[in-house]
Amino acid sequence: MAVHPDTSDLTLQGFKSMSDTAFDVIVLGSGMAGASVAAELAQKKRRVLLLEVEEQAGMHATARSAAMYLPTYGNATVRALTRASRDFFTQPPEGFTEHSLVQPRSVLFVADNESLPRLAAMAASLGDVLQPTDVRRALEIVPILRPERVAWALLDDTGSDIDVAAMHQGYLRVARQGGAKFLRGAGDVDIERRGVQWRCRTAVGAFEAPILVNATGAWADRVAQRAGLDPVGLQPLRRSAVLVAAPQGLNIDAWPLTMDVDETVYFKPYAGNLLLSPANEDPSEPCDAMPEELDIALAVDRFEALTSVTVTRPGHRWAGLRSFVADRSPVVGYDKSTEGFFWLAGQGGYGIQMAPALARVAARLIVGESIPSDMADEGVMEQALSPGRPGLRATP
Ligand SMILES: Cc1cc2nc3c(=O)[nH]c(=O)nc-3n(C[C@H](O)[C@H](O)[C@H](O)COP(=O)(O)OP(=O)(O)OC[C@H]3O[C@@H](n4cnc5c(N)ncnc54)[C@H](O)[C@@H]3O)c2cc1C
């Protein structure tokens with residue numbers, strides 16, 4: 001797991017000397033969602049407090065992703081938000097990062113005879129973006145594939161690897177430069193509505209703002225309930241990953257992320273190794289997720305069934321929570337029942353690749369502006385993100 005260096009400016013200790021306790025906005029959670037919206041709000045000259053329970057920023061889902069930008073992944077809303085984020089990734093604002101945020105990484109979806117109809121349906125729904133690839137070509141691209149497991153494949157050249165750490169640190173830096181305060185290691189946060197203010201009580205004192213942004217990932221429903229609101233029906237799902245050595249004698253650097261069309265296993269080059277995932281979606285309570293032995297065994301089993309490689313020693317492994325509501329679109333907007341409570345949750349398995357667009361949309365809605373026209377042109381619609389939309393909660 002890539003643990004990001006923490007460049008935040010204030011720990012609990014640092015905060016003891018801080019007298020200013022009134023803000024325009026308090027953002028709860030410093031993963032990609034919280035960091036990015038704090039940066040956008042600070043640029044809009046709002047006084048922002050970014051408040052994190054953990055000592056380390058972004059140590060949950062954000063530090064545990066497969067780091068892919070894939071505009072053909074997810075439902076139509078997710079794809080629109082991902083497309084709307086592309087320019088940020090390819091041309092980040094001046095000074096945002098010293099490194100490029102993305103490097104090309106295509107994706108190869110493979111199907112055997114049994115799953116071929118699903119591959120055909122995928123090609124039909126996503127159109128020209130996906131290049132039909134026969135077995136000979138698929139094996140040229142990923143020579144470890146078992147020929148009998150590949151009836152046809154689809155190659156998607158629109159994907160990239162994301163430098164998640166650089167992106168996260170970039171957002172934290174922009175937030176700080178814009179005057180945002182960052183309190184990490186806050187421990188238990190008590191939330192209370194007092195008149196028109198939200199009051200967050202921590203071990204070092206209480207902070208107030210008329211607007212509270214709930215960017216707490218897997219914990220977002222719990223946080224809402226602590227604030228006295230109804231949950232939106234968020235379900236955290238555990239996904240696990242394991243690193244294995246690259247097959248000897250092969251240069252894996254340019255290999256695509258390779259996935260079976262039913263998404264039961266994928267693998268991709270990752271820091272000189274191969275990252276394998278069984279693409280599991282195991283319901284979980286919000287927690288510091290750990291992979292189960294079975295997850296790793298499934299990843300290895302399915303990888304070995306798809307390729308000619310035998311894994312002798314699975315290496316470093318981790319798990320994280322991808323949190324979804326029923327329709328699998330993010331939840332972004334003011335709560336309909338309680339003033340000043342803003343949701344930025346439900347990013348599921350796409351919270352890195354959508355973050356630039358989501359942060360811009362969220363910041364605009366928070367200050368009372370509408371969705372910008374470039375995003376509306378991509379198909380990003382306020383109603384499709386709203387916490388009041390139909391289809392948000394699963395029907396019993
Ligand atoms: C295995 C795996 C692979 C993935 N692959 C990809 C991928 O390739 N591409 C992609 O785009 N996405 C991917 N994702 C999804 C992506 O990682 C998430 O959507 C994204 O990181 C969510 O960010 P977040 O800030 O909402 O949540 P988090 O990063 O979990 O941040 C939430 C933060 O809130 C804090 N918090 C909790 N309670 C409180 C409280 N009461 N007060 C203050 N703070 C609180 C937590 O400590 C945490 O730091 C993947 C996820 C996993 C697990």
Side-chain angles (χ1 to χ4, degrees), residues 1-4 31-32 54 56 58-68 70 73-74 105 107-112 114-115 118 142 144-146 149 159 161-162 164 217-220 234-247 252 255-325 328 346-353:
M1 179 200 340
V3 174
H4 308 156
M32 193 61 83
E54 302 279 7
Q56 183 133 32
M59 63 165 275
H60 289 290
T62 294
R64 304 173 191 210
S65 86
M68 281 299 293
L70 185 52
Y73 197 36
R105 171 80 57 209
V107 178
L108 190 70
F109 299 97
V110 299
D112 57 15
E114 193 273 321
S115 57
R118 267 114 48 209
V142 185
I144 59 173
L145 285 169
R146 284 181 192 273
R149 285 293 307 272
D161 278 340
I162 303 172
V164 179
W219 288 267
L234 199 66
Q235 176 62 66
L237 300 174
R238 186 183 74 251
R239 177 160 288 190
S240 308
V242 56
L243 297 183
V244 301
I252 64 167
W255 286 7
L257 181 148
T258 305
M259 185 190 308
D260 66 325
V261 68
D262 293 328
E263 202 178 339
T264 67
V265 64
Y266 64 79
F267 58 93
K268 69 171 264 190
Y270 190 90
N273 297 299
L274 280 179
L275 178 161
L276 322 185
S277 173
N280 50 324
E281 294 199 332
D282 297 304
S284 167
E285 291 296 307
C287 67
D288 186 3
M290 307 288 258
E292 301 206 347
E293 276 310 312
L294 182 63
D295 305 344
I296 305 308
L298 279 176
V300 169
D301 238 42
R302 291 173 183 171
F303 172 70
E304 289 182 341
L306 189 61
T307 69
S308 53
V309 176
T310 304
V311 175
T312 46
R313 212 148 28 97
H316 180 62
R317 63 212 50 200
W318 68 92
L321 300 177
R322 301 156 79 246
S323 301
F324 295 90
V325 292
R328 295 207 162 210
Q347 291 87 342
Y350 332 99
I352 311 296
Q353 63 181 33

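Bear in mind the structure is a predicted one, so any value in this text is a computation, not a measurement.
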Using a strict threshold of under 4.0 Å (side-chain N to carboxylate O), is an ion pair present between [Y] and [X]?
| X | Y | answer |
| --- | --- | --- |
| R238 | D295 | yes |
| D260 | R118 | no |
| R239 | E292 | no |

Ignoring hydrogens, what is the shortest heavy-atom contact between [X] and [Y]? Give both atom names and the distance.
| X | Y | result |
| --- | --- | --- |
| L321 | P286 | CD1-CA, 4.0 Å |
| S277 | A299 | C-CB, 4.2 Å |
| A67 | V164 | CB-CG2, 3.7 Å |
| A245 | N273 | CA-OD1, 4.0 Å |
| P269 | P256 | CD-O, 4.0 Å |
| R64 | D288 | NH2-OD1, 2.6 Å |

Can you tell me how the ring of F324 sits relative to the ring of Y350, calling it parallel under 30°, perpendicular over 60° and tilted otherwise?
perpendicular
Where the side chain of [X] meets the backbone of [Y], is there a donor-acceptor pair that is under 3.5 Å apart?
| X | Y | value |
| --- | --- | --- |
| R302 | T264 | yes |
| N280 | S240 | yes |
| W318 | M290 | no |
| R146 | A305 | yes |
| K268 | T258 | no |

With heavy-atom distances below 4.5 Å as the criterion, would you say the side chains of [X] and [Y] are in contact?
| X | Y | value |
| --- | --- | --- |
| P283 | L237 | yes |
| L108 | V142 | yes |
| P247 | I144 | yes |

Roughly how far apart are [X] [atom1] and [Y] [atom2], rounded to 0.5 Å?
| X | Y | atom1 | atom2 | value |
| --- | --- | --- | --- | --- |
| C287 | W219 | SG | CH2 | 7.0 Å |
| M68 | M259 | CE | CE | 8.0 Å |
| L70 | I162 | CG | CD1 | 9.5 Å |
| F109 | D262 | CZ | CG | 12.0 Å |
| D301 | L276 | CG | CG | 11.5 Å |
| R317 | E293 | CZ | CD | 5.5 Å |

Verify side chain to side chain contact (heavy atoms under 4.5 Å, CB included) between H316 and V242, making sure each step is shown before the conclusion.
CA-CA 6 Å; H316 180 62; V242 56; over 6 Å; no
Do L274 and W255 pass the side chain to side chain contact (heavy atoms under 4.5 Å, CB included) test, and can you show the C-alpha distance, the side-chain angles, and the key distance before you say yes or no?
CA-CA 10 Å; L274 280 179; W255 286 7; 4.2 Å; yes
Can you list every pair that meets side chain to side chain donor-acceptor pair (under 3.5 Å) and has a residue in residues 304-315, with sequence neighbours left out?
none
Could you walk me through whether R322 and Q347 pass side chain to side chain contact (heavy atoms under 4.5 Å, CB included), step by step?
CA-CA 7 Å; R322 301 156 79 246; Q347 291 87 342; over 6 Å; no
Pairs flagged by ring-ring contact (aromatic ring centres under 6.0 Å, His included) wherever residues 279-315 is involved - sequence neighbours left out
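Counting only pairs at least two positions apart or across chains, the ring-ring contact (aromatic ring centres under 6.0 Å, His included) contacts touching residues 279-315 are F267-F303.
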Taking it one step at a time, do L306 and V110 satisfy side chain to side chain contact (heavy atoms under 4.5 Å, CB included)?
CA-CA 9 Å; L306 189 61; V110 299; 3.9 Å; yes
